[in-house]
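See structure below.
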Number of protein chains: 2
Amino acid sequence: MKIGFIGLGIMGRPMALHLKNGGHELVVPERASLTGEIRAAAKVVPNAKAVAAESEVVILMVPDTPDVAAVLFGPGGAAQGLRPGSLVIDMSSISPIETKEFAAKISEKGCDYVDAPVSGGEVGAKNAALTIMVGGTEAAFNRAKPLFDLMGKNITHVGEVGAGQVCKVANQIIVALNIQAVSEALVFASRAGADPAKVRQAISGGFASSRILELHAERMINGTFNPGFKINLHQKDLNLALSSAKALGLALPNTAVVQQMFSACVAHGHGELDHSAMIMAIEGLGNHDIRKNKK
Amino acid sequence: MKIGFIGLGIMGRPMALHLKNGGHELVVPERASLTGEIRAAAKVVPNAKAVAAESEVVILMVPDTPDVAAVLFGPGGAAQGLRPGSLVIDMSSISPIETKEFAAKISEKGCDYVDAPVSGGEVGAKNAALTIMVGGTEAAFNRAKPLFDLMGKNITHVGEVGAGQVCKVANQIIVALNIQAVSEALVFASRAGADPAKVRQAISGGFASSRILELHAERMINGTFNPGFKINLHQKDLNLALSSAKALGLALPNTAVVQQMFSACVAHGHGELDHSAMIMAIEGLGNHDIRKNKK
């Protein structure tokens, strides 16, 4: 099958190559940043419109909501080239609400739309072990499923268009709040005179157990905050959660607090560190530095 | 060995009986609430002082900090009866800070003191499968260890006196905040039109995975909130966390928010429900009922 792939960054590159190795043909838009490996594996055309014109399926893997809007509906965008009957699969992590608008516009072109954000990071992408959360019709999901099987392992059809993005946001809320949970508990333990490593060991088998307590607590205890998943990216995801919640008329108090903790980390220059470095925001609460701006 | 056991409630009864079945003699203080099974298994004496006078080891399993203070230092309290060389083991979940004060006073009597709060609930107590978090000297821990082995499975010597209670508080912080995390995520998913059960299934294998997502999310989705662990008790534990944090000069922002969520549940008459019922506080945010008090 001819597959257009737009967004060949750290995640997109290995995902596209798995499709190629699965026997598909790749079409990609020209970018100065395309690697030699991708140029060798794919046909390179001028822009997203040209990608769409040549492809049965167009996959997007770009950073944020405005990037998806630009790739689909901007000048030289995919929507101008799409042939009726084509399938658009957006694997980016973007707004669930705007996803529904994008899908409606793509539907007007006689095409299917599936939102299919992933989790599992660069390692999951390289090992074709991504978790893929899918929104769309049953028919569109079944059409995309063989491609997902080449890129991921835990593939769930969550519901109608937008449900994949909703699911990804829910996932990012839990991960962030679980990091905050472990941060508050370990800072408390440490300030109260206990060894955080011993505390983690003691509680790991019980109701407090989580993947975050397993992996991120160890990073916190060792102070090794190389990413991993960057605070800047997780903050983007929580902004998505809070703006969507606002649109839905819903309050998410702890998500809002955690977003502020991430903001504190960014403000102190820690945005490129792993999200487990959020513990520094809890450790720093109560420090006094407004005197810096006193003349 | 002759073991005094004070606090024969839902947790204490099976724990004491495991010690009896392990070949030890039990001494307990008279209470109208003592069950026939306990009366048959133990020697019943008038009060905590008499228990201490007859025992090598005195175990406490009572509800809260003031209860431990009363049992040890109140009228007819254990401290009056303790023989030099005895060991006091407090398995209640109480203040880590007051624990240090209690231990110091017991030490003046020439006795050892170990704090050893548990998690695992009634089921863990019945199955001798409790997680036990221990604070005290190495020697005192080693002395208590054979008794812990009769009551629990995951037994960790966390540190000096108080460290067991610190660890338990850390555990309760994580459990509460993970419940909040799953609550916010599932309410978000539901309001955004996705099926929470599908969302839970989709994210269960990844970084969002936790014991709370496994067990409590299912209760939330089914709306079955029979305890389990009651909101009233968890709220007590978070009060302990926040009062200890205050004494330590430490801010725990999300713990404070979650305590308020538990307060909202209690205010609506849900204090006796399972702590997973906290999701109702998130669902109810934005409801308007101050008009009730308008004349």
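Per chain, numbering begins at 1; letters A, B, ... match sequence-line order. Only this structure's heavy atoms are used, side chains among them; waters, hydrogens and symmetry mates stay out. For clarity, every value in this text was computed on a predicted model and none was experimentally measured.
- Comparing B:Q180, B:M133, B:K168 by how many heavy-atom pairs each has under 4.5 Å with chain A, the most go to B:Q180.
- From A:F207, atom CZ reaches atom CD of B:Q172 across 10.0 Å, with rounding to the nearest 0.5 Å.
- With a 4.5 angstrom heavy-atom cutoff, B:A241 touches chain A only via backbone atoms.
- Of all heavy-atom pairs between A:A245 and B:F188, the closest is N-CE1, 3.9 Å.
- When all heavy atoms are compared, the tightest approach of A:R191 to B:L250 is NH1-CD1, 3.5 Å.
- The contact list for residues 209-217 of chain A toward chain B, using heavy atoms and a distance under 4.5 Å, reads A:S209, A:S210, A:R211, A:I212, A:L213, A:L215, A:H216 by residue number.
- Remark: A:H157 engages no residue in a side-chain hydrogen bond (donor to acceptor under 3.5 Å, both in side chains) (not counting sequence neighbours).
- The local environment of NZ in A:K236 is crowded, with over 12 non-hydrogen atoms from other residues, nucleotides or ligands closer than 6.0 Å.
- Contact annotation: the side chain of B:L177 never approaches that of A:L177 to less than 4.5 Å [non-hydrogen atoms, C-beta and beyond].
- When all heavy atoms of B:A208 and A:N178 are compared, the pair lying nearest together is O-ND2, 4.1 Å.
- No other option in A:G162, A:G120, A:C167, A:G159 has as many heavy-atom pairs under 4.5 Å with chain B as A:C167.
- For B:V134, no part lies near chain A; criterion is any non-hydrogen pair under 4.5 Å.
- Nearest heavy-atom pair, A:A185 versus B:A170, reported as atom, atom and distance to 0.1 Å: CB-O, 3.5 Å.
- Counting heavy-atom pairs closer than 4.5 Å to chain A, the top-ranked of the candidates B:L186, B:I174, B:V257, B:V187 is B:I174.
- With A:N254 as reference, B:V258 is the one residue of B:V258, B:T255, B:I282 to meet the side-chain contact (heavy atoms from CB on, under 4.5 Å) rule.
- Counting only distance, with no hydrogens or angles, the side chain of B:E184 and the backbone of A:I173 share no donor-acceptor pair below 3.5 Å.
- Taking chain A as the reference chain and counting heavy-atom pairs below 4.5 Å, the highest number among B:D195, B:N171, B:L285, B:T131 is found for B:N171.
- Neither the backbone nor the side chain of B:S183 comes within less than 4.5 Å of any heavy atom in chain A.
- For the set B:P253, B:S204, B:A247, the entry with the most heavy-atom pairs within less than 4.5 Å of chain A is B:P253.
- To the nearest 0.5 Å, the span separating OG1 on B:T156 from CD on A:Q201 amounts to 5.0 Å.
- Closest approach of B:N154 to A:A202, counting heavy atoms only: ND2-O, 3.6 Å.
- Counting heavy-atom pairs closer than 4.5 Å to chain B, the top-ranked of the candidates A:A192, A:G193, A:P96 is A:A192.
- Contacts of B:L252 with chain A are made by both backbone and side-chain atoms, with heavy-atom separations under 4.5 Å.
- Counting heavy atoms of neighbouring residues, nucleotides and ligands inside a 6.0 Å radius, atom NZ of B:K126 does not exceed 12 of them.
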